[in-house]
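Just so you know, ligand 1 is whichever comes first in the structure, and atom 1 is the first atom listed for that ligand.
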Amino acid sequence: MRISIIGTGYVGTVTGTCFAHMGHEVVCVDVDPERVKKINAGEPPIYEEGLEELLKDHAGKNLRATLDYDAAIAGTDISFICVPTPTDADGRIDLRFVREASRSIGQRLKNKKSYHIVVVKSTVVPGTTSGVARPILEQESGKKAGEGFGVGMNPEFLREGKAVYDFQHPDRIVIGADDPKAAAIIRQLYAGYTCPVLETDTKTAEMIKYVSNAFLATKISFANEVGNICKRLGIDTYKVMEGVGLDARISPHFLRSGLGFGGSCFPKDVKALIGKAAEVDYEPLLLKTVLKVNDKQPEIALRLLKKHVPDLKGKKIAVLGLAFKDDTDDIRESRAIPLIGALLAEGAKVVAYDRMAAGHMKNVYPNIGYAKTAGDALDGAEACLIATEWKEFEKLDVEFARMRQKIVIDGRRVVDPRGKDIIYEGLCW
Ligand code: UDX
Ligand code: UDX
(Lines give C-alpha, C1' and ligand atoms only; values in the text may rest on other atoms or scores of the structure.)
(Ligands and ions follow the chains in the order given, each with its own letter.)
Protein backbone atom coordinates (compact mmCIF):
# COMPACT_ATOMS: atom_id res chain seq x y z
CA MET A 1 0.00 0.00 0.00
CA ARG A 2 1.03 3.63 -0.42
CA ILE A 3 1.26 5.21 3.06
CA SER A 4 1.99 8.76 4.24
CA ILE A 5 3.15 9.42 7.82
CA ILE A 6 2.46 12.91 9.20
CA GLY A 7 5.00 13.77 11.92
CA THR A 8 8.27 11.89 12.31
CA GLY A 9 8.85 11.74 16.04
CA TYR A 10 9.57 8.39 17.64
CA VAL A 11 6.04 7.10 16.77
CA GLY A 12 5.99 8.39 13.19
CA THR A 13 9.55 7.37 12.31
CA VAL A 14 9.21 3.87 13.77
CA THR A 15 5.76 3.34 12.21
CA GLY A 16 6.89 4.55 8.77
CA THR A 17 10.11 2.57 8.75
CA CYS A 18 8.44 -0.64 9.93
CA PHE A 19 5.70 -0.32 7.31
CA ALA A 20 8.42 0.15 4.67
CA HIS A 21 10.09 -2.97 6.02
CA MET A 22 6.80 -4.81 5.49
CA GLY A 23 7.03 -3.82 1.81
CA HIS A 24 4.73 -0.79 1.73
CA GLU A 25 5.57 2.45 -0.13
CA VAL A 26 6.06 5.08 2.60
CA VAL A 27 6.31 8.89 2.47
CA CYS A 28 7.08 10.70 5.76
CA VAL A 29 5.99 14.35 6.07
CA ASP A 30 7.36 16.66 8.71
CA VAL A 31 7.51 20.42 9.22
CA ASP A 32 11.14 20.13 10.36
CA PRO A 33 13.52 20.23 7.32
CA GLU A 34 16.38 18.83 9.46
CA ARG A 35 14.39 15.66 10.23
CA VAL A 36 13.39 15.30 6.58
CA LYS A 37 17.02 15.59 5.45
CA LYS A 38 18.18 13.08 8.08
CA ILE A 39 15.57 10.47 7.17
CA ASN A 40 16.38 10.73 3.45
CA ALA A 41 20.03 10.21 4.39
CA GLY A 42 19.06 7.05 6.26
CA GLU A 43 19.78 8.66 9.64
CA PRO A 44 17.05 8.21 12.28
CA PRO A 45 16.04 11.57 13.90
CA ILE A 46 15.63 9.73 17.20
CA TYR A 47 17.56 6.86 18.81
CA GLU A 48 15.71 3.54 18.73
CA GLU A 49 17.25 0.07 18.86
CA GLY A 50 17.31 -1.50 15.38
CA LEU A 51 15.86 1.56 13.67
CA GLU A 52 19.07 2.75 11.97
CA GLU A 53 19.62 -0.58 10.18
CA LEU A 54 16.02 -0.67 8.93
CA LEU A 55 16.09 2.94 7.82
CA LYS A 56 19.34 2.40 5.93
CA ASP A 57 17.71 -0.54 4.13
CA HIS A 58 14.68 1.44 2.96
CA ALA A 59 15.56 5.17 2.76
CA GLY A 60 15.67 6.23 -0.89
CA LYS A 61 14.02 2.96 -1.93
CA ASN A 62 10.44 2.52 -0.68
CA LEU A 63 10.74 5.13 2.05
CA ARG A 64 11.36 8.85 1.68
CA ALA A 65 10.69 12.01 3.68
CA THR A 66 9.39 15.35 2.45
CA LEU A 67 8.10 18.76 3.51
CA ASP A 68 5.69 18.57 0.57
CA TYR A 69 2.17 17.76 1.78
CA ASP A 70 0.70 18.04 -1.74
CA ALA A 71 2.83 15.27 -3.21
CA ALA A 72 2.54 13.11 -0.10
CA ILE A 73 -1.28 13.07 0.00
CA ALA A 74 -1.69 12.91 -3.77
CA GLY A 75 0.75 9.98 -3.99
CA THR A 76 -0.62 7.81 -1.17
CA ASP A 77 -3.89 6.13 -0.19
CA ILE A 78 -3.68 6.16 3.60
CA SER A 79 -2.24 8.78 5.97
CA PHE A 80 -1.26 8.24 9.62
CA ILE A 81 -1.34 11.32 11.86
CA CYS A 82 1.59 11.00 14.34
CA VAL A 83 1.98 14.58 15.47
CA PRO A 84 2.54 15.61 19.11
CA THR A 85 -0.35 15.77 21.54
CA PRO A 86 1.14 17.62 24.49
CA THR A 87 -0.86 18.66 27.54
CA ASP A 88 -1.32 22.31 28.50
CA ALA A 89 -0.59 23.80 31.92
CA ASP A 90 -3.92 22.53 33.32
CA GLY A 91 -3.16 19.02 32.14
CA ARG A 92 -5.69 19.22 29.31
CA ILE A 93 -4.65 17.76 25.98
CA ASP A 94 -3.49 20.27 23.34
CA LEU A 95 -4.86 19.19 19.95
CA ARG A 96 -3.54 22.06 17.83
CA PHE A 97 -1.11 19.85 15.86
CA VAL A 98 -3.83 17.27 15.22
CA ARG A 99 -6.10 20.09 13.98
CA GLU A 100 -3.31 21.47 11.80
CA ALA A 101 -2.52 18.07 10.29
CA SER A 102 -6.26 17.42 9.67
CA ARG A 103 -6.57 20.81 7.96
CA SER A 104 -3.51 20.21 5.79
CA ILE A 105 -4.69 16.74 4.75
CA GLY A 106 -8.29 17.92 4.23
CA GLN A 107 -7.18 20.69 1.86
CA ARG A 108 -5.32 18.11 -0.24
CA LEU A 109 -8.28 15.72 -0.33
CA LYS A 110 -10.46 18.40 -1.94
CA ASN A 111 -9.12 17.75 -5.45
CA LYS A 112 -8.15 14.15 -4.92
CA LYS A 113 -10.21 11.77 -7.09
CA SER A 114 -9.37 8.47 -5.40
CA TYR A 115 -10.55 7.26 -1.98
CA HIS A 116 -8.18 8.10 0.89
CA ILE A 117 -8.06 7.04 4.53
CA VAL A 118 -6.89 9.25 7.40
CA VAL A 119 -5.83 7.36 10.54
CA VAL A 120 -5.04 9.03 13.85
CA LYS A 121 -2.12 7.26 15.58
CA SER A 122 -1.18 10.03 18.04
CA THR A 123 -2.53 9.52 21.54
CA VAL A 124 -5.73 11.56 21.64
CA VAL A 125 -8.53 11.76 24.20
CA PRO A 126 -11.75 9.91 23.38
CA GLY A 127 -13.91 11.70 20.81
CA THR A 128 -11.00 13.47 19.08
CA THR A 129 -10.99 11.47 15.83
CA SER A 130 -14.77 11.70 15.27
CA GLY A 131 -15.30 15.08 16.94
CA VAL A 132 -12.20 17.07 15.91
CA ALA A 133 -10.26 15.45 13.04
CA ARG A 134 -13.27 14.24 11.00
CA PRO A 135 -15.25 17.55 10.98
CA ILE A 136 -12.10 19.46 9.95
CA LEU A 137 -11.36 16.92 7.19
CA GLU A 138 -14.96 17.19 5.93
CA GLN A 139 -14.97 20.99 6.05
CA GLU A 140 -11.61 21.38 4.27
CA SER A 141 -12.24 18.68 1.65
CA GLY A 142 -15.93 19.41 1.05
CA LYS A 143 -16.40 15.62 1.19
CA LYS A 144 -18.24 13.34 3.65
CA ALA A 145 -16.36 10.87 5.84
CA GLY A 146 -17.31 7.31 4.96
CA GLU A 147 -17.93 8.34 1.33
CA GLY A 148 -15.18 10.52 -0.24
CA PHE A 149 -12.65 9.44 2.37
CA GLY A 150 -12.39 7.20 5.42
CA VAL A 151 -11.33 7.90 9.00
CA GLY A 152 -9.75 5.58 11.54
CA MET A 153 -7.90 5.49 14.85
CA ASN A 154 -5.06 2.99 15.36
CA PRO A 155 -3.30 3.54 18.69
CA GLU A 156 0.34 2.61 19.19
CA PHE A 157 1.63 0.82 22.27
CA LEU A 158 5.32 1.36 21.52
CA ARG A 159 7.83 1.57 24.39
CA GLU A 160 10.73 3.91 23.78
CA GLY A 161 13.95 2.02 23.28
CA LYS A 162 11.97 -1.06 22.22
CA ALA A 163 9.66 0.63 19.70
CA VAL A 164 10.78 -1.33 16.62
CA TYR A 165 10.42 -4.65 18.48
CA ASP A 166 7.01 -3.59 19.86
CA PHE A 167 5.79 -2.58 16.40
CA GLN A 168 6.84 -5.93 14.98
CA HIS A 169 5.62 -8.00 17.98
CA PRO A 170 2.44 -6.34 19.29
CA ASP A 171 0.25 -7.98 21.96
CA ARG A 172 -2.74 -6.74 19.96
CA ILE A 173 -3.68 -4.38 17.15
CA VAL A 174 -6.60 -2.03 17.80
CA ILE A 175 -8.45 -0.71 14.77
CA GLY A 176 -10.92 2.07 15.49
CA ALA A 177 -13.12 3.06 12.54
CA ASP A 178 -16.54 4.62 12.12
CA ASP A 179 -17.11 3.02 8.72
CA PRO A 180 -16.51 -0.63 7.74
CA LYS A 181 -14.61 0.22 4.54
CA ALA A 182 -11.92 2.12 6.45
CA ALA A 183 -11.71 -0.71 9.02
CA ALA A 184 -11.23 -3.31 6.29
CA ILE A 185 -8.41 -1.39 4.59
CA ILE A 186 -6.54 -0.75 7.86
CA ARG A 187 -6.91 -4.45 8.74
CA GLN A 188 -5.44 -5.34 5.35
CA LEU A 189 -2.39 -3.23 6.19
CA TYR A 190 -1.65 -5.52 9.14
CA ALA A 191 -2.50 -8.66 7.18
CA GLY A 192 0.74 -10.49 8.12
CA TYR A 193 0.27 -10.22 11.90
CA THR A 194 -0.89 -13.17 14.03
CA CYS A 195 -1.78 -11.29 17.25
CA PRO A 196 -5.42 -10.48 18.16
CA VAL A 197 -6.91 -7.65 16.07
CA LEU A 198 -9.66 -5.76 17.87
CA GLU A 199 -12.08 -3.67 15.81
CA THR A 200 -14.02 -0.94 17.61
CA ASP A 201 -15.35 2.54 16.91
CA THR A 202 -12.80 5.36 17.07
CA LYS A 203 -13.79 6.59 20.55
CA THR A 204 -13.27 3.16 22.08
CA ALA A 205 -9.90 2.77 20.36
CA GLU A 206 -8.80 6.13 21.78
CA MET A 207 -9.90 5.07 25.27
CA ILE A 208 -8.10 1.69 25.04
CA LYS A 209 -4.81 3.57 24.58
CA TYR A 210 -5.38 5.85 27.58
CA VAL A 211 -6.59 3.14 29.87
CA SER A 212 -3.64 0.89 28.94
CA ASN A 213 -1.15 3.60 29.86
CA ALA A 214 -3.12 4.68 32.93
CA PHE A 215 -3.26 1.09 34.18
CA LEU A 216 0.50 0.54 33.70
CA ALA A 217 1.17 3.82 35.53
CA THR A 218 -1.21 2.72 38.31
CA LYS A 219 0.66 -0.59 38.64
CA ILE A 220 3.93 1.31 39.09
CA SER A 221 2.49 3.73 41.68
CA PHE A 222 0.93 0.77 43.49
CA ALA A 223 4.33 -0.97 43.53
CA ASN A 224 5.91 2.24 44.86
CA GLU A 225 3.28 2.58 47.59
CA VAL A 226 3.83 -1.02 48.65
CA GLY A 227 7.56 -0.44 48.39
CA ASN A 228 7.42 2.54 50.73
CA ILE A 229 5.52 0.43 53.27
CA CYS A 230 7.85 -2.57 52.88
CA LYS A 231 10.88 -0.32 53.37
CA ARG A 232 9.56 0.73 56.76
CA LEU A 233 8.77 -2.89 57.64
CA GLY A 234 12.22 -4.07 56.59
CA ILE A 235 10.72 -6.31 53.90
CA ASP A 236 12.21 -6.61 50.39
CA THR A 237 9.43 -5.32 48.12
CA TYR A 238 10.95 -7.04 45.08
CA LYS A 239 10.59 -10.41 46.81
CA VAL A 240 7.03 -9.47 47.68
CA MET A 241 6.25 -8.52 44.08
CA GLU A 242 7.86 -11.75 42.87
CA GLY A 243 5.25 -13.64 44.88
CA VAL A 244 2.44 -11.29 43.88
CA GLY A 245 3.39 -11.32 40.20
CA LEU A 246 3.11 -15.11 40.02
CA ASP A 247 -0.63 -14.67 40.16
CA ALA A 248 -1.65 -14.84 36.49
CA ARG A 249 -4.38 -12.27 37.20
CA ILE A 250 -1.65 -9.78 38.24
CA SER A 251 1.42 -10.75 36.07
CA PRO A 252 4.96 -9.80 37.10
CA HIS A 253 5.25 -6.91 34.64
CA PHE A 254 5.50 -3.24 35.67
CA LEU A 255 5.78 -3.98 39.39
CA ARG A 256 9.35 -2.64 39.75
CA SER A 257 9.26 -0.01 42.51
CA GLY A 258 11.68 2.89 42.63
CA LEU A 259 11.89 6.53 41.63
CA GLY A 260 8.65 6.43 39.61
CA PHE A 261 7.59 6.67 36.00
CA GLY A 262 8.62 9.34 33.49
CA GLY A 263 8.61 9.59 29.71
CA SER A 264 6.49 11.30 27.07
CA CYS A 265 3.49 9.10 27.70
CA PHE A 266 2.52 7.98 31.21
CA PRO A 267 2.54 11.39 32.98
CA LYS A 268 0.96 13.16 30.01
CA ASP A 269 -1.67 10.52 29.33
CA VAL A 270 -2.76 10.16 32.97
CA LYS A 271 -3.07 13.96 33.20
CA ALA A 272 -5.06 14.12 29.95
CA LEU A 273 -7.42 11.38 31.17
CA ILE A 274 -7.94 13.29 34.43
CA GLY A 275 -8.61 16.42 32.34
CA LYS A 276 -11.12 14.53 30.21
CA ALA A 277 -12.87 13.13 33.30
CA ALA A 278 -13.24 16.67 34.67
CA GLU A 279 -14.83 17.69 31.37
CA VAL A 280 -17.55 15.11 31.97
CA ASP A 281 -17.86 16.19 35.59
CA TYR A 282 -16.22 13.16 37.20
CA GLU A 283 -13.39 13.34 39.79
CA PRO A 284 -10.93 10.44 39.16
CA LEU A 285 -9.56 9.99 42.68
CA LEU A 286 -7.44 6.95 41.80
CA LEU A 287 -5.76 8.52 38.76
CA LYS A 288 -4.98 11.69 40.73
CA THR A 289 -3.38 9.61 43.43
CA VAL A 290 -1.29 7.72 40.86
CA LEU A 291 0.37 11.03 39.97
CA LYS A 292 0.71 12.13 43.62
CA VAL A 293 2.48 8.89 44.58
CA ASN A 294 4.74 9.30 41.53
CA ASP A 295 5.65 12.89 42.42
CA LYS A 296 6.56 11.85 45.97
CA GLN A 297 9.18 9.23 45.09
CA PRO A 298 12.01 11.71 44.29
CA GLU A 299 11.22 13.51 47.58
CA ILE A 300 11.57 10.23 49.46
CA ALA A 301 14.93 9.66 47.74
CA LEU A 302 16.13 13.05 48.92
CA ARG A 303 14.96 12.33 52.46
CA LEU A 304 16.93 9.08 52.45
CA LEU A 305 20.01 10.91 51.24
CA LYS A 306 19.68 13.51 53.98
CA LYS A 307 19.54 10.71 56.55
CA HIS A 308 23.19 10.12 55.59
CA VAL A 309 24.20 13.66 54.56
CA PRO A 310 21.98 15.99 56.63
CA ASP A 311 23.45 19.25 55.28
CA LEU A 312 23.84 19.16 51.50
CA LYS A 313 25.07 22.74 51.18
CA GLY A 314 28.24 22.80 49.05
CA LYS A 315 28.45 18.98 49.05
CA LYS A 316 29.29 17.14 45.80
CA ILE A 317 26.46 14.72 44.99
CA ALA A 318 26.68 12.42 41.97
CA VAL A 319 23.50 11.65 40.00
CA LEU A 320 23.89 8.51 37.89
CA GLY A 321 21.32 8.33 35.08
CA LEU A 322 19.36 11.20 33.50
CA ALA A 323 17.15 9.50 30.88
CA PHE A 324 13.60 8.61 31.98
CA LYS A 325 14.60 4.96 31.56
CA ASP A 326 17.45 2.94 30.06
CA ASP A 327 18.27 2.55 26.37
CA THR A 328 17.00 6.02 25.38
CA ASP A 329 18.32 9.57 25.25
CA ASP A 330 14.87 10.90 26.15
CA ILE A 331 14.58 12.94 29.38
CA ARG A 332 10.92 13.89 28.99
CA GLU A 333 9.41 13.84 32.53
CA SER A 334 12.49 11.98 33.78
CA ARG A 335 12.46 11.57 37.56
CA ALA A 336 16.04 12.88 37.54
CA ILE A 337 14.65 16.35 36.79
CA PRO A 338 12.79 16.94 40.09
CA LEU A 339 15.59 15.08 41.93
CA ILE A 340 18.33 17.40 40.64
CA GLY A 341 16.04 20.39 41.23
CA ALA A 342 15.64 19.39 44.89
CA LEU A 343 19.39 18.82 45.31
CA LEU A 344 20.17 22.26 43.88
CA ALA A 345 17.53 23.81 46.16
CA GLU A 346 19.47 22.31 49.08
CA GLY A 347 22.66 23.96 47.79
CA ALA A 348 24.33 20.72 46.69
CA LYS A 349 26.99 20.65 43.91
CA VAL A 350 25.53 18.17 41.43
CA VAL A 351 27.64 16.18 38.99
CA ALA A 352 25.64 13.97 36.67
CA TYR A 353 26.46 11.12 34.30
CA ASP A 354 24.38 9.45 31.59
CA ARG A 355 25.80 7.68 28.55
CA MET A 356 23.14 9.11 26.18
CA ALA A 357 20.91 11.77 27.78
CA ALA A 358 23.38 14.36 29.14
CA GLY A 359 23.06 16.47 26.00
CA HIS A 360 19.31 16.89 26.48
CA MET A 361 19.65 17.50 30.25
CA LYS A 362 22.10 20.36 29.60
CA ASN A 363 19.13 22.27 28.19
CA VAL A 364 17.32 21.90 31.53
CA TYR A 365 20.29 22.22 33.91
CA PRO A 366 23.15 24.00 32.10
CA ASN A 367 24.93 24.82 35.37
CA ILE A 368 25.53 21.41 36.90
CA GLY A 369 28.56 19.22 36.22
CA TYR A 370 28.46 16.49 33.55
CA ALA A 371 31.01 13.69 33.84
CA LYS A 372 32.26 11.49 30.99
CA THR A 373 32.07 8.31 33.06
CA ALA A 374 30.22 7.09 36.13
CA GLY A 375 33.57 6.84 37.91
CA ASP A 376 34.38 10.49 37.19
CA ALA A 377 31.00 11.55 38.54
CA LEU A 378 31.65 9.58 41.73
CA ASP A 379 35.13 11.11 42.14
CA GLY A 380 35.20 12.96 45.50
CA ALA A 381 31.40 12.75 45.90
CA GLU A 382 29.79 12.61 49.34
CA ALA A 383 27.03 10.41 47.99
CA CYS A 384 25.41 9.25 44.76
CA LEU A 385 21.82 8.80 43.64
CA ILE A 386 20.96 6.30 40.91
CA ALA A 387 18.04 7.67 38.85
CA THR A 388 17.96 5.49 35.69
CA GLU A 389 18.08 1.71 35.34
CA TRP A 390 21.11 1.62 33.00
CA LYS A 391 22.66 -1.87 32.93
CA GLU A 392 26.19 -0.43 33.18
CA PHE A 393 25.48 0.64 36.77
CA GLU A 394 25.11 -3.02 37.77
CA LYS A 395 28.85 -3.41 37.20
CA LEU A 396 29.91 -0.48 39.38
CA ASP A 397 32.25 -1.57 42.19
CA VAL A 398 35.82 -0.18 42.28
CA GLU A 399 34.44 3.16 41.11
CA PHE A 400 32.78 3.63 44.50
CA ALA A 401 36.28 3.80 46.09
CA ARG A 402 36.71 7.19 44.36
CA MET A 403 33.95 8.68 46.51
CA ARG A 404 34.69 10.74 49.67
CA GLN A 405 31.88 8.86 51.43
CA LYS A 406 30.60 5.69 49.74
CA ILE A 407 26.89 6.46 50.25
CA VAL A 408 24.75 4.97 47.47
CA ILE A 409 21.01 5.76 47.25
CA ASP A 410 19.63 3.39 44.60
CA GLY A 411 16.40 4.61 43.03
CA ARG A 412 16.24 1.82 40.43
CA ARG A 413 17.48 -1.39 42.15
CA VAL A 414 20.47 -1.71 39.82
CA VAL A 415 23.32 -2.03 42.36
CA ASP A 416 23.73 -5.29 44.27
CA PRO A 417 25.41 -4.16 47.52
CA ARG A 418 26.50 -7.64 48.57
CA GLY A 419 30.28 -7.81 48.86
CA LYS A 420 30.69 -4.13 48.14
CA ASP A 421 32.31 -1.73 50.59
CA ILE A 422 29.51 0.87 50.39
CA ILE A 423 26.76 2.35 52.55
CA TYR A 424 23.79 1.24 50.45
CA GLU A 425 20.22 2.46 50.67
CA GLY A 426 17.48 1.16 48.39
CA LEU A 427 14.60 3.59 47.80
CA CYS A 428 11.86 1.04 48.47
CA TRP A 429 13.88 -1.94 49.59
C1 UDX B 1 3.71 11.80 19.49
C2 UDX B 1 2.75 12.23 20.55
O3 UDX B 1 3.40 13.16 21.34
C4 UDX B 1 2.25 11.11 21.38
O5 UDX B 1 1.19 11.51 22.20
C6 UDX B 1 1.68 10.10 20.51
O7 UDX B 1 1.38 9.01 21.27
C8 UDX B 1 2.60 9.77 19.44
O9 UDX B 1 3.16 10.81 18.73
P10 UDX B 1 6.29 11.49 19.54
O11 UDX B 1 6.40 10.66 18.34
O12 UDX B 1 7.23 11.29 20.60
O13 UDX B 1 4.83 11.34 20.14
O14 UDX B 1 6.28 13.04 19.11
P15 UDX B 1 7.49 13.98 18.88
O16 UDX B 1 8.74 13.29 19.14
O17 UDX B 1 7.19 15.22 19.56
O18 UDX B 1 7.45 14.18 17.28
C19 UDX B 1 6.43 14.71 16.59
C20 UDX B 1 6.91 15.07 15.18
O21 UDX B 1 5.83 15.76 14.52
C22 UDX B 1 8.09 16.01 15.16
O23 UDX B 1 9.01 15.53 14.25
C24 UDX B 1 7.51 17.33 14.67
O25 UDX B 1 8.42 18.08 13.89
C26 UDX B 1 6.36 16.85 13.84
N27 UDX B 1 5.25 17.81 13.63
C28 UDX B 1 4.79 18.51 14.69
C29 UDX B 1 4.70 17.94 12.35
O30 UDX B 1 5.16 17.34 11.40
N31 UDX B 1 3.64 18.78 12.17
C32 UDX B 1 3.14 19.52 13.19
O33 UDX B 1 2.19 20.27 12.96
C34 UDX B 1 3.72 19.37 14.49
C1 UDX C 1 5.05 3.54 27.66
C2 UDX C 1 4.23 2.25 27.42
O3 UDX C 1 4.95 1.15 27.93
C4 UDX C 1 3.98 2.09 25.93
O5 UDX C 1 3.14 0.95 25.70
C6 UDX C 1 3.28 3.32 25.40
O7 UDX C 1 3.04 3.26 24.04
C8 UDX C 1 4.09 4.54 25.69
O9 UDX C 1 4.36 4.64 27.06
P10 UDX C 1 7.56 4.27 27.56
O11 UDX C 1 7.08 5.57 28.06
O12 UDX C 1 8.53 4.25 26.46
O13 UDX C 1 6.30 3.38 27.09
O14 UDX C 1 8.26 3.56 28.80
P15 UDX C 1 8.06 2.29 29.73
O16 UDX C 1 9.05 1.26 29.39
O17 UDX C 1 6.66 1.90 29.77
O18 UDX C 1 8.48 2.96 31.14
C19 UDX C 1 7.79 4.08 31.57
C20 UDX C 1 8.36 4.56 32.90
O21 UDX C 1 7.98 3.68 33.94
C22 UDX C 1 9.88 4.66 32.94
O23 UDX C 1 10.24 5.84 33.64
C24 UDX C 1 10.30 3.41 33.75
O25 UDX C 1 11.49 3.64 34.45
C26 UDX C 1 9.12 3.29 34.72
N27 UDX C 1 8.86 1.91 35.20
C28 UDX C 1 8.51 0.94 34.30
C29 UDX C 1 8.92 1.65 36.58
O30 UDX C 1 9.21 2.53 37.39
N31 UDX C 1 8.63 0.38 37.03
C32 UDX C 1 8.27 -0.62 36.15
O33 UDX C 1 8.02 -1.73 36.62
C34 UDX C 1 8.22 -0.33 34.74
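Ion pairing between E283 and K288 holds under the 4.0 Å rule for side-chain N and carboxylate O. E333 has a carboxylate O that lies under 4.0 Å from a charged side-chain N of K271, or vice versa, which qualifies the two as a salt bridge.
Under the side-chain hydrogen bond (donor to acceptor under 3.5 Å, both in side chains) criterion, the residue pairs touching residues 2-13 are R2-D77, S4-T76, S4-S79, T8-D30, with sequence neighbours excluded. Applying the side-chain hydrogen bond (donor to acceptor under 3.5 Å, both in side chains) test to every pair with at least one member in residues 214-227, sequence neighbours left out, gives these pairs: K219-S251.
Close contacts between ligand 2 and E389 involve ligand atoms 24 (C), 25 (O) [criterion: under 4.0 Å to a heavy atom]. Below 4.0 Å from some heavy atom of R412 lie the following atoms of ligand 2, by number and element: 25 (O), 30 (O).
The shortest N/O to N/O separation between I220 and ligand 2 does not fall below 3.5 Å.
We find the OG1-NZ distance between T17 and K56 to be 11.5 Å, quoted to the nearest 0.5 Å.
Residue G258 places every heavy atom at 4.0 Å or more from ligand 2.
Applying the salt bridge (Lys or Arg N to Asp or Glu O under 4.0 Å) rule to E160 yields the partners R332; only residues at least two apart in sequence or on another chain are considered.
Side-chain atoms of T388 come within 3.5 Å of backbone N or O of L322 as a donor-acceptor pair.
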Short N or O contacts of ligand 1 with protein, under 3.5 Å, listed by atom name?
from, atom 1, to, atom 2, distance (Å)
ligand 1, 3 (O), T85, N, 3.4
ligand 1, 5 (O), T85, OG1, 2.7
ligand 1, 5 (O), K268, NZ, 2.7
ligand 1, 7 (O), T123, N, 3.3
ligand 1, 7 (O), T123, OG1, 2.5
ligand 1, 7 (O), E156, OE2, 3.0
ligand 1, 11 (O), Y10, N, 3.1
ligand 1, 11 (O), V11, N, 3.0
ligand 1, 12 (O), R332, NH1, 3.4
ligand 1, 12 (O), R332, NH2, 3.2
ligand 1, 23 (O), D30, OD2, 2.6
ligand 1, 23 (O), R35, NE, 3.3
ligand 1, 23 (O), R35, NH1, 3.2
ligand 1, 25 (O), D30, OD1, 2.7
ligand 1, 25 (O), D30, OD2, 3.4
ligand 1, 30 (O), V31, N, 3.4
ligand 1, 33 (O), E100, OE1, 3.4

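A cation-pi contact, defined as under 6.0 Å to the ring centre and within 45° of the axis, is absent between R335 and F261.
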